[in-house]
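Structure record follows, encoded as C-alpha cells.
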Protein chains: 2
Amino acid sequence: MEHLDTALDESCIIEEGSTSTGRMGRRSYDDTKEHKSKNLHAERRRRQKLSDRLLKLRALVPRITNMNKATIIEDAITYIQELQKNVKILQEQLCELEVEASSEVGEINPASKVKVEAAEEMKKSGIQVEVEVTQIDRDKLWVKVIFEKKRGGFTTLMEAMSAFGFEFINTNVTTSKGAMLVSSCVKGIYGEKLAVQQTRELLLQIINGVDQSNSEYC
Amino acid sequence: MEHLDTALDESCIIEEGSTSTGRMGRRSYDDTKEHKSKNLHAERRRRQKLSDRLLKLRALVPRITNMNKATIIEDAITYIQELQKNVKILQEQLCELEVEASSEVGEINPASKVKVEAAEEMKKSGIQVEVEVTQIDRDKLWVKVIFEKKRGGFTTLMEAMSAFGFEFINTNVTTSKGAMLVSSCVKGIYGEKLAVQQTRELLLQIINGVDQSNSEYC
DNA sequence: ATTGACACGTGAAGC
DNA sequence: TGCTTCACGTGTCAA
C-alpha cells in the first residue's frame, strides 16, 4: 500500500520532472536497450508464466462462465469451495457407514474371543492403552498408539485416519502380549496445520470404536 | 485510501495528459483526456478486482509456498488436484462400504478401482512387485514384500502368514505411490527351521491371492 | 549492481 | 460508435 502510494507519487513526480526528456526516451536508445531489455524479457516471461498457470487452472475447473482472467479465478474459487464441501460431506457419510459396518462386524465376527483373550493377556502383562501425539512439523505428526490386539484393528485404525485426511508417511506396528503398538508418522493431506489435542481425541475415539464395536466416533 | 490514490493518480494523469499532448506529437485529439481517464479508471478497477480474486483464492488454499501471483495460482492448481483426488477416493471408499454393507456378511475384500488406481500408479512409478526373504537366524527370517496397495492387503498378508505358523517379531509397513512395502522380522512359531525358498513362494502365493480379488463396480 | 516481482498507464482488439 | 479486456513496456522496490 505504501509502495503503491510512493510509486504513484514518485512516478507522478517523474512524469512532472521528466516530461521534457520524454517518457519514451527517444534520445537514449542504447541505454534503454541495455538495462531495460532484460527487464523486458523477464517481464515477458513472468507474464507468460502467469498466463500459463491461469490456463492450467481454467483447464482444471469444469464449469467456466467466461474466459476472463477474473472470472476464471472466481470460478476456481467457487469450485474449490464446492470440492471442500464435497469432501466434508463424503467424510461424514463414510464415517457413518464405517460405524455401521464396524458394529455389524463386531456382532458377527467370531474373533471376539481373540479380543477378550488379548485384553486379558494385555491386562495381565500390565500394558495400558495409550495414545501419544507429537508435532514434528507444521503439517506432520508422530503418533503412537497402544491398544488391544484385535482382528482388523490395525486396518480399522488406518482407514479411519485416512478418512479424516491423514496421509501415512511411515508406519510401524508391533504386537506383543496381546497388545498392538502402532507408531506412525502422519501428514495432513491438505498440508493444513494439525491440532495435536484434537488428533489425540480422534485417535482415542477410534480406539474405543475398535475395542467396543457399538460406539460411534463421528 | 483508495480515494487518496485515485486523487493522486488523477492529478498525475492530468499532468501527464497535459504534457502528453505535446509530448507525443501524434494525433492528440481533444478526447484524449476523457478517453484515457475512463480507460484508466476501468483498468484500475479491473486490476483491483483481479487482485482481490487472487487474494480470495490465496485465502482458500491452505498450503501456500510463496506470495507470488504465479505461485498462488500454482498452489491453487495442486490443491484442486488434491481435492479432486480425495473426492474420488472418498467416493470409491464410500461405494465400497455400501457394497460391503449391502452384500452378505462375512465376505471381505470387495475389490474396487482403488486397487486398479494403485496398480497404475505403482506401474507408472516404476515400482515392481518384489519378494525378498533372508535368513537371519535358525528360526528367524527377514521378509521384505512390495505389492499393490490395497484395502485390507496388509491384514490379509498378516493373517495368511500367521496361519502358516509365523510369529511377527516386528513389522514395518510403508505406502507410497500406490505401492505397499512390508518389511518384517518373523519367527517360526514352533522354532522349526525355516526354508527360505519355500517361504518366498508362500509369500508370492499370498500376494497373488491378494491381487486376485475380482472387480465389482458400484 | 543484479534480479524478480509488482502496479502502472496505454494502445489495440472484440462485442 | 462506446465499453471491456488484454498484452505490452516501463519505473520502482526489495532481496
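In what follows, every chain begins at residue 1, and chains take the letters A, B, ... in the order their sequences are listed.
Atom-to-atom, CZ of B:Arg46 to P of C:dA13 comes out at 16 Å; the value is rounded to the nearest Å. If you take NZ of B:Lys38 and C1' of D:dT5, they are 17 Å apart, rounded to a whole angstrom. When rounded to the nearest whole Å, the span between CD1 of A:Ile72 and P of D:dT5 equals 12 Å. Distance, B:Leu55 CG to C:dC6 P: 12 Å, rounded to whole Å. Distance B:Gln48 CD to D:dT5 C1': 17 Å, rounded to the nearest Å. Rounded to a whole Å, the CG atom of B:Asn66 is 13 Å from the C1' atom of D:dA14. Atom pair A:Met67:CE and C:dG14:C1' shows a separation of 14 Å (rounding to whole Å applied). Distance, B:Leu50 CG to C:dC8 C1': 14 Å, rounded to whole Å.
For A:Ser184 (side chain) and A:Asn170 (main-chain N/O), a donor-acceptor pair under 3.5 Å exists by modelled atom type.
Regarding contacts with the backbone of C:dA7, a side-chain N or O of B:Lys69 is found under 4.0 angstrom from either OP1 or OP2. Applying the 4.0 Å criterion to OP1 and OP2 of C:dT10, one finds that B:Asn39 has every side-chain N and O outside that range. When the side-chain nitrogen and oxygen atoms of A:Arg44 are compared with OP1 and OP2 of D:dA7, none of them lie within a distance under 4.0 Å. Not one side-chain nitrogen or oxygen of A:Lys49 sits closer than 4.0 Å to the OP1 or OP2 atom of C:dG4.
The base of D:dG9 lies close enough to the side chain of A:Arg47 for a donor and an acceptor atom to sit less than 3.5 Å apart. The base of C:dC8 is not paired with the side chain of B:Glu43 by any donor and acceptor separated by under 3.5 Å.
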Full working for salt bridge (Lys or Arg N to Asp or Glu O under 4.0 Å) between A:Glu43 and A:Arg46: CA-CA 5 Å; A:Glu43 182 65 14; A:Arg46 173 181 166 269; 2.9 Å; yes

Side chain to side chain contact (heavy atoms under 4.5 Å, CB included) assessment of A:Leu83 paired with B:Asn86: CA-CA 9 Å; A:Leu83 280 179; B:Asn86 278 2; over 6 Å; no

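Between B:Ser51 and A:Arg45, the residue anchored closer to the 5' end of DNA chain C is A:Arg45, taking for each the nucleotide with the nearest heavy atom.
Using a 4.5 Å heavy-atom cutoff, the side chains of A:Met158 and A:Thr171 are in contact.
Of the candidate nucleotides D:dC3, D:dG9, D:dC6, D:dG9 has the atom lying nearest to any side-chain atom of A:Leu40.
Within a 6.0 Å sphere centred on CD of A:Gln198, heavy atoms belonging to other residues, nucleotides or ligands number 12 at most.
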